[in-house]
Amino acid sequence: MTLNAILNTDSYKLGHYLQYPADTHAISALITTRGNSFRPEVMFFGLQMFLKEYLSKPISAADIDEAEDVAGLHGQPFDRAGWTHILNAHGGYLPLRIEALPEGIAIRRGVPVVQIVNTDPQVPWLTSHIEPALLRAIWYPSTVATTAWRLRLAIQPYLDRTADDIEGLQRNRISDFGARGTSSLEQAALGGVAHLVHFDSSDSLPGILHARRYYGAQMAGKSIPASEHSTITAWGQSREANAFANMIDRFSKFAAYSVVSDSYDLNNAVAEIWGKQLQTKVRASGATLIVRPDSGDPIETPVQVVAQLAYAYGTRLNSKGFKVLDANVRVIQSDGISLQDIQMILGRLEGMGFSAENISFGMGSALLHKINRDTLSFTMRASALKDDKGAWRDIGRRPTNPQEKAPMSGRLAVISDGTDIVNIPLTELGSRENILQPVWENGTLLRDWTFDEVRKRAEDVILPR
């Protein structure tokens, strides 16, 4: 889709240039999440992709012509003079200054993640014009990154109690299998790279490529050879064992390979084919077979498969006294899995004396699609106006309902007070460091985060064990 940046907004924004007071020179706005929380609940991520992909492209005369034509037919006014000024005075780059928190940071609800203001007094309406595109670019990857962070935190206690190599296990517990369940290639990419902030196992090539193109990550996630039902059922039920044996032969040179095993009879596949008929071949391969049950009860089925493999291949006790399957076999569960399912599966396994390292998970819709802007209540609000005398004044709603909290207003700074990250009026910043850092101004990227930096920052906020 070829995008005209002028039209990357909502229709009603086209008439806002006629609505501000005549002496308005600048509008400053904030992106934040509604509500309050007693601990960090929101992980900020994704703005850099929008800056590089969209704001780095200047508007053209053809864009202005198209936008004017669309606006007229659509029933909206159009500021041709304003957009022509942007083209002539700024080379088509939007005269905006954007300050943002470092990506990968975790903050409480209500702390602003972005502050944006126009830098040309002739187009004060531009700050609000970009709201739909900018808010969309931030809420989705930030919400997926927050979801992935919560998954890390949920799995962590089970690893702490039952596993040995905790550091080696943390990042590969959740794989992104969700690209096919998204609404577009871009959603798959944005959500896929957000998942990779916390995990390094993924089957989302769009996500891998976004980490590579926008954050300089040569390879942010790994995958393993895996079958699907078509590659197993193509052999026919009578030759299911041959299909499984082919997987061993073809992929034993890799460290691990995954085989979907419920094409016909999961219990027979695990207990008889993997457990007896092909056990010697599996052991001799030197690689790890990862059995994937893909149907049945989402809680009981994977637990049962772990138990069946333990019976067939044996286990060892780790240093914490929990059973670990023979190194040649593991299990992955990815059939409609949710955070609550994962906790229940790991809880059942722990109760049976099995370590959490015996199983990993693949997630799709629960990770990338069962979220929306209201999941974290992201919003963008105009908070200050600068007049023709250079004076800033606070603007914003003032609800008459005493139980409704008034939105933040004014120009703000964000600081660390040693124990928390909080926002304060910019006029009170003094010599303290403002964590809201300039990242973009008038077509120029001012801060280019690497994926390693984002991951390190996100890792620092994982709750201490």
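By convention here, the first residue in the shown sequence is residue 1.
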Can you list every pair that meets salt bridge (Lys or Arg N to Asp or Glu O under 4.0 Å) and has a residue in residues 196-221, with sequence neighbours left out? none
Kindly compute the distance separating CG (Asp460) from CD1 (Ile105), expressed to the nearest 0.5 Å. 10.0 Å
Can you tell me if Ser128 uses its side chain to pair, donor with acceptor, with the backbone of Trp125 under 3.5 Å? no
Under 3.5 Å side-chain donor-acceptor pair for Ser11 and His74: yes
Set of ring-ring contact (aromatic ring centres under 6.0 Å, His included) partners for Tyr214, sequence neighbours left out: His210
Run the side-chain donor-acceptor check on residues 57-64: report pairs under 3.5 Å with partners two or more places apart or on a different chain.
from: Lys57; atom 1: NZ; to: Glu53; atom 2: O; distance (Å): 2.6
from: Ser60; atom 1: OG; to: Ala62; atom 2: N; distance (Å): 3.4
from: Ser60; atom 1: OG; to: Asp63; atom 2: N; distance (Å): 3.1
from: Ser60; atom 1: OG; to: Asp63; atom 2: OD2; distance (Å): 3.2
from: Asp63; atom 1: OD2; to: Ser60; atom 2: N; distance (Å): 3.0

Side chain to side chain donor-acceptor pair (under 3.5 Å) involving Lys52 - partner list, sequence neighbours excluded: Asp448
For Asn8 and Leu134, indicate whether the former's side chain and the latter's backbone hold a donor-acceptor pair under 3.5 Å. no
Keeping the roles fixed (side chain from Thr288, backbone from Ala327), state whether a donor-acceptor pair exists under 3.5 Å. yes
Keeping the roles fixed (side chain from Glu453, backbone from Trp449), state whether a donor-acceptor pair exists under 3.5 Å. no
Rounded distance [0.5 Å steps], CG in Leu367 versus OG1 in Thr147: 6.5 Å
Is a donor on one side and an acceptor on the other found under 3.5 Å between the side chain of His198 and the backbone of Ala145? yes
Is there a donor-acceptor contact under 3.5 Å from the side chain of Thr119 to the main chain of Pro95? yes
Minimum-distance pair of heavy atoms, taken over all atoms of Leu14 and Ala71: CD1-CB, 3.9 Å
Any side-chain heavy atom of Gln343 sitting closer than 4.5 Å to one from Tyr158? yes
In short, salt bridge (Lys or Arg N to Asp or Glu O under 4.0 Å) pairs touching residues 437-446 with sequence neighbours left out are Arg97-Glu441
Determine whether a donor-acceptor pair (N or O, by modelled atom type, separation under 3.5 Å) exists between the side chain of Ser142 and the backbone of Phe45. yes
Measure from the side-chain N and O atoms of Gln170 to the backbone N and O of Leu159, and report whether any donor-acceptor pair falls under 3.5 Å. no
Return all side-chain donor-acceptor pairs below 3.5 angstrom for residues 417-432, not counting sequence neighbours, or 'none' if the list is empty.
from: Asp417; atom 1: OD1; to: Thr419; atom 2: N; distance (Å): 3.0
from: Asp417; atom 1: OD1; to: Thr419; atom 2: OG1; distance (Å): 3.3
from: Asp417; atom 1: OD1; to: Asp420; atom 2: N; distance (Å): 2.7
from: Asp420; atom 1: OD1; to: Arg108; atom 2: NE; distance (Å): 3.4
from: Asp420; atom 1: OD2; to: Arg108; atom 2: NE; distance (Å): 2.8
from: Asp420; atom 1: OD2; to: Arg108; atom 2: NH2; distance (Å): 3.2
from: Arg432; atom 1: NE; to: Leu429; atom 2: O; distance (Å): 3.3
from: Arg432; atom 1: NH2; to: Glu428; atom 2: O; distance (Å): 2.5

Side chains of Ile435 and Pro102: closer than 4.5 Å at any heavy-atom pair? yes
Is a side-chain donor-acceptor pair under 3.5 Å present for Asn358 with Ser355? no
Check: Arg39 main-chain N/O paired with Arg109 side-chain donor or acceptor under 3.5 Å: no
Excluding sequence neighbours, so at least two apart, what forms side chain to side chain donor-acceptor pair (under 3.5 Å) with Gln333? none
Under 4.0 Å between a side-chain nitrogen and a carboxylate oxygen: does that hold for Arg447 and Glu103? no
Answer yes or no: is there a side-chain heavy-atom contact under 4.5 Å between Ser28 and Thr127? no
So do Val70 and Asn4 actually touch side chain to side chain, heavy atoms under 4.5 Å? no
How would you list all residue pairs meeting salt bridge (Lys or Arg N to Asp or Glu O under 4.0 Å) that involve residues 373-390, not counting sequence neighbours? none
Interatomic spacing from CG in Leu73 to CD in Glu68 - rounded to 0.5 Å: 10.5 Å
Find out whether Pro132 and Lys13 are in side-chain contact, i.e. whether some heavy atom of one side chain is under 4.5 Å from a heavy atom of the other. yes
Derivation and outcome, side chain to side chain donor-acceptor pair (under 3.5 Å), residues Glu228 and Ser230: CA-CA 6 Å; Glu228 66 177 23; Ser230 74; 2.5 Å; yes
Using side chain to side chain contact (heavy atoms under 4.5 Å, CB included) as the criterion, point out the one residue from Asp160, Ile342, Leu339 that pairs with Ile155. Ile342
Thinking salt bridges, do Lys456 and Asp452 make one under a 4.0 Å N-O criterion? no
Leu349 side chain near Thr162 side chain, heavy-atom distance below 4.5 Å: no
Tested for ring-ring contact (aromatic ring centres under 6.0 Å, His included) against His129, the lone hit among Tyr12, Phe78, Trp83 is Trp83
Applying ring-ring contact (aromatic ring centres under 6.0 Å, His included) to Phe50 and not counting sequence neighbours gives Tyr54
Sub-3.5 Å donor-acceptor pair from the side chain of Glu357 to the main-chain atoms of Leu169, do we have one? no
Would His16 and Asp79 count as having a side-chain donor-acceptor pair, cut-off 3.5 Å? no
Partner residues of Phe378 under the ring-ring contact (aromatic ring centres under 6.0 Å, His included) criterion, sequence neighbours left out: none
Residues two or more places apart in sequence or in another chain: which of them pass salt bridge (charged side-chain N to carboxylate O under 4.0 Å, His left out) with Asp65? Arg80
Side chain proximity check, Phe254 to Ile224, heavy atoms < 4.5 angstrom: no
Considering only heavy atoms from C-beta outward, does the side chain of Met380 approach that of Ile138 to under 4.5 Å? no
dist Ser338:OG -> Asp341:CG (nearest 0.5 Å) comes out at 3.0 Å
In terms of the angle between their ring planes, are His90 and His85 parallel, tilted or perpendicular, with boundaries placed at 30° and 60°? perpendicular
Might you point out which heavy atoms bring Trp392 and Val117 nearest each other, and give the distance in Å? CH2-CG2, 3.7 Å
With Phe451 via ring-ring contact (aromatic ring centres under 6.0 Å, His included) - residues at least two apart: Tyr215
